[in-house]
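Following: one structure in structure tokens, then a few remarks.
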Amino acid sequence: MPLRVYNTLTGEKEIFVPLTPGKAGMYVCGVTVYDYCHIGHARAGVVFDIIYRYLKYVGYDVTYVRNYTDIDDKIIKRANQEGTDYRTIADRYIQAFDEDMARLGLAKPTVEPKATDHIDGIIAIIETLVEKGHAYTSEGDVYYAVDTFPGYLKLSGRAMEEMQAGARVEVGDRKRNPMDFALWKGSKPGEPYWSSPWGEGRPGWHIECSAMSMKFLGKTFDFHGGGKDLVFPHHENEIAQSEAANGCQFVRYWLHNGFVNINAEKMSKSLGNFFTIRDVLQKYDPETLRFFILSAHYRSPIDFSDQNLDESQAALERIYSCLAAIDELLQSNAVSSEMAVVEHLSPVGQELQEKLTQLIPRFVDAMDDDFNSAQALGVVFETVRSTNRFLAETTEMTPIALSLIARVRHLCNEIGSVLGLFNSKPSVWLDGIKRAKADQLDMTPEQIERLIVERAEARASRNFKRSDEIRDLLLTHGIQLLDSVQGTTWNVK
RNA sequence: GGCGCGUUAUCCAAGAGGCUAGGAGCCGGUCUGCAAAACCGUUAACGUCGGUUCGAAUCCGACACGCGCCUCCA
């Protein structure tokens, strides 16, 4: 099955046919850098990260552009509040964005342009639009005349009359049509500005994406992505600008990710119900957050809650525990490349072998179906179960058994490199989770160890009443004892 | 008001005409002094009412409930 993607423009899943064979151009709206990123940004980041990785994985030469909008009213407002300049604010939050995305394990895009580095390109497009009669000047501003573009609202699938009937659109006296939007805004005293044919000013929101995408990907390119909330007005306006200026199709496939909800309601700045990525990473491992995001299809809403994050962590622990067991085995047994001809696999071994031959094809099937990462993870879990079963019943690690196990490891790495998951050393990752939990205890490790020793003594003298008392006491502090032949260790419940 | 989306077992979540999704939980087993942990096994579902079909979670219609966009937003 070829790659099929859901295109917002047509409202259907379509087979992806690249503009240029073997290549894929992809532009994703990054952030306006005026504050720390919240988990909605994390979702968009992770979703387009795996789309980028997957396109590369299936062999495309991908040019991935993700911008920073570093000039905007909100940035200026923030700078004024803090008594500093817009550049300081923009640079601070660009750095914060980079840190957050790096922690989430995002691959670096091919290019990460900033709007302020492309003012010339922005001005050039506006000039073209004015020349072609799609834009007009008004008291130092330049506006896009939406009436001049017949395809306006084709992405969001609305009618102009309905939009205006909403009565929530302000009628600006500088605009001919209330739906017209600013391409260029004349600067007020004290505001940052660039010179232009229309006087000193700055670009409006939307035009920077038209300019930067054209510069790095051309007038027509394959994918344009962003959150669902950008469909209108941002992407609609980008289409109007780019197609009117260039006279050709702008984007071939529009991709939009769903929202992150809190208690089934959209998380947003205006509602004030948002969590920053930094807040969440104080409590949860970045890979857990990433897993949580990928456990649902990218277009569906996901409900952010402690319970859901805890479940994601438990699920990821299951995978890492399996990988840790594999690593331990492979470390203590040299894998021979020679396979003894006489060896036979048990039925469970044959089942695992069968699962492994299907693993990558099934993973690819899932991802080909509009990047269905949730289904892809299901395939991984089935492999984990087969592997665990095989490990449990295999008493002697023969060369063929070891090579089978090594193959599981190899394929999990391959899938993990596409999803950006399970790339940590399993034992280290599991230890990290354990340590993070231990930090929240009201007992020190020394106290715990002392009680474990006392319990061991009690057990040795078959004083089970006392040993069980200690076990229960620790449990009330959230500490779970793990007995094994090597001795007793503990874990945080 | 206009437009659009969703409703899958106890919870999270795939699937989109006949084919075991998966995870967490419950329950059973292995292990254990007994447990726990781990592992294995197992369970159960398609909002309501109609229609199409040999066959419907899946397609069509109505209804109910929830959500989103129409305003800065990922």
Side-chain angles (χ1 to χ4, degrees), chain A residues 11 28-32 34-35 37-48 72-74 77 153 156-159 161-170 179 205 225-234 236 256-261 264-271 274 291-292 295-297 299-303 305 307-319 321-322 325 348 362 366 369 372-382 384-385 387-389 391-393 459 462-465 467-468 471-472 474-475 479-485 488-491 493:
Chain A
V28 172
C29 289
V31 283
T32 300
Y34 72 102
D35 203 352
C37 289
H38 55 64
I39 45 182
H41 297 110
R43 185 177 194 190
V46 168
V47 161
F48 289 105
D72 172 86
D73 291 354
K74 290 193 289 291
K77 187 177 163 203
L153 304 181
S156 49
R158 283 175 239 265
E161 311 79 62
E162 290 159 6
M163 299 285 290
Q164 290 171 34
R168 290 166 90 177
V169 183
E170 281 172 47
M179 297 291 289
W205 185 40
K228 261 194 168 97
D229 46 356
L230 295 182
V231 173
F232 183 89
H234 188 54
E236 200 72 72
H256 293 98
N257 65 278
F259 296 133
V260 177
N261 290 164
E265 284 203 324
K266 178 187 170 182
M267 184 180 73
S268 78
K269 290 257 170 176
S270 42
L271 291 171
F274 63 93
F291 184 97
F292 167 67
S295 66
H297 183 87
R299 284 188 286 118
S300 310
I302 42 171
D303 214 53
S305 67
Q307 191 199 326
N308 287 347
L309 268 282
D310 287 341
E311 283 193 6
S312 290
Q313 187 174 82
L316 197 48
E317 278 185 74
R318 179 171 165 81
I319 294 173
S321 299
C322 177
V348 175
R362 292 181 68 202
D369 187 10
N372 194 335
S373 55
Q375 190 170 50
L377 286 172
V379 177
V380 172
F381 277 109
E382 286 185 42
V384 166
R385 193 180 52 226
T387 304
N388 282 335
R389 196 186 294 156
L391 291 177
E393 71 128 44
R459 289 180 76 198
R462 304 194 67 79
N463 182 358
F464 295 124
K465 185 170 171 287
S467 71
D468 289 354
R471 187 170 70 199
D472 293 344
L474 286 169
L475 202 56
I479 296 147
Q480 201 164 50
L481 294 183
L482 309 174
D483 291 330
S484 77
V485 279
T488 301
T489 57
W490 56 276
N491 209 341
K493 203 164 177 189

Considering non-hydrogen atoms only, spot the tightest contact between K266(A) and N261(A) and give its length.
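The answer is CA-ND2, 3.3 Å.
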Distance between [atom1] atoms of [N] and [M] (Å, rounded):
N       : M       : atom1 : result
rG22(B) : rU43(B) : C1'   : 15 Å
rU7(B)  : rA14(B) : P     : 9 Å
rG66(B) : rC54(B) : C1'   : 36 Å
rC27(B) : rA21(B) : P     : 24 Å

With sequence neighbours excluded, residues passing salt bridge (charged side-chain N to carboxylate O under 4.0 Å, His left out) with [X]:
X       : value
E317(A) : K437(A)
D310(A) : none
D72(A)  : K74(A)

The criterion is side-chain contact (heavy atoms from CB on, under 4.5 Å); which residues satisfy it with [X], sequence neighbours excluded?
X       : answer
P233(A) : W205(A), H206(A), N237(A)
A325(A) : L391(A)
A315(A) : F291(A), F381(A)
D369(A) : R4(A), K13(A)

Using the side-chain heavy atoms of [X], tell me which of these nucleotides is nearest: [options].
X       : options                   : answer
D483(A) : rG2(B), rA35(B), rG68(B)  : rA35(B)
R158(A) : rA74(B), rC67(B), rC70(B) : rC70(B)
N388(A) : rC34(B), rC40(B), rC70(B) : rC40(B)

Are any protein N/O atoms closer than 3.5 Å to N/O atoms in nucleotides 44-46 of chain B? If there are, list each pair with its distance.
none

Mind telling me whether rA44(B) is syn or anti, cutoff 90° either side of 0?
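Base orientation relative to the sugar is anti.
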Between the protein and nucleotides 57-61 of chain B, list the N/O to N/O atom pairs that are separated by less than 3.5 angstrom.
none

Look through every strand shown and name the nucleotide pairing with [N] as Watson-Crick or G-U wobble, where both distances are under 3.5 Å.
N       : value
rG4(B)  : rC67(B)
rC31(B) : none
rC26(B) : none
rC59(B) : rG51(B)

F259(A) versus M267(A): any side-chain heavy-atom pair under 4.5 Å?
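No - every pair of side-chain heavy atoms lies 4.5 Å or more apart.
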Would you kindly give the CG-to-P distance between L482(A) and rA38(B), to the nearest whole Å?
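In whole Å, rA38(B) P and L482(A) CG are 8 Å from each other.
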With E393(A) via side chain to side chain donor-acceptor pair (under 3.5 Å) - residues at least two apart:
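With neighbours one apart ignored, the set is S346(A).
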According to side chain to side chain donor-acceptor pair (under 3.5 Å), who are the partners of T489(A), at least two apart in sequence or on a separate chain?
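If we apply the side chain to side chain donor-acceptor pair (under 3.5 Å) test to T489(A), skipping adjacent residues, there are no hits.
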Which part of the nucleic acid, if any, lies within contact of [X], taking any heavy atom under 4.0 Å across all strands shown: a base, the sugar-phosphate backbone alone, or nothing?
X       : result
G225(A) : nothing
G40(A)  : base
K74(A)  : sugar-phosphate

Check this one for me: any side-chain N or O of K465(A) less than 4.0 Å away from OP1 or OP2 of rG33(B)?
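For rG33(B), neither OP1 nor OP2 has a side-chain N or O of K465(A) closer than 4.0 Å.
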5' priority, RNA chain B, between F464(A) and Q480(A) [closest heavy atom]:
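Here F464(A) is the residue nearer the 5' end.
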Contact state string [nucleotides 12-25 of chain B, B base, S sugar-phosphate only, - no protein heavy atom under 4.0 Å]
SSSS-----BSBS-
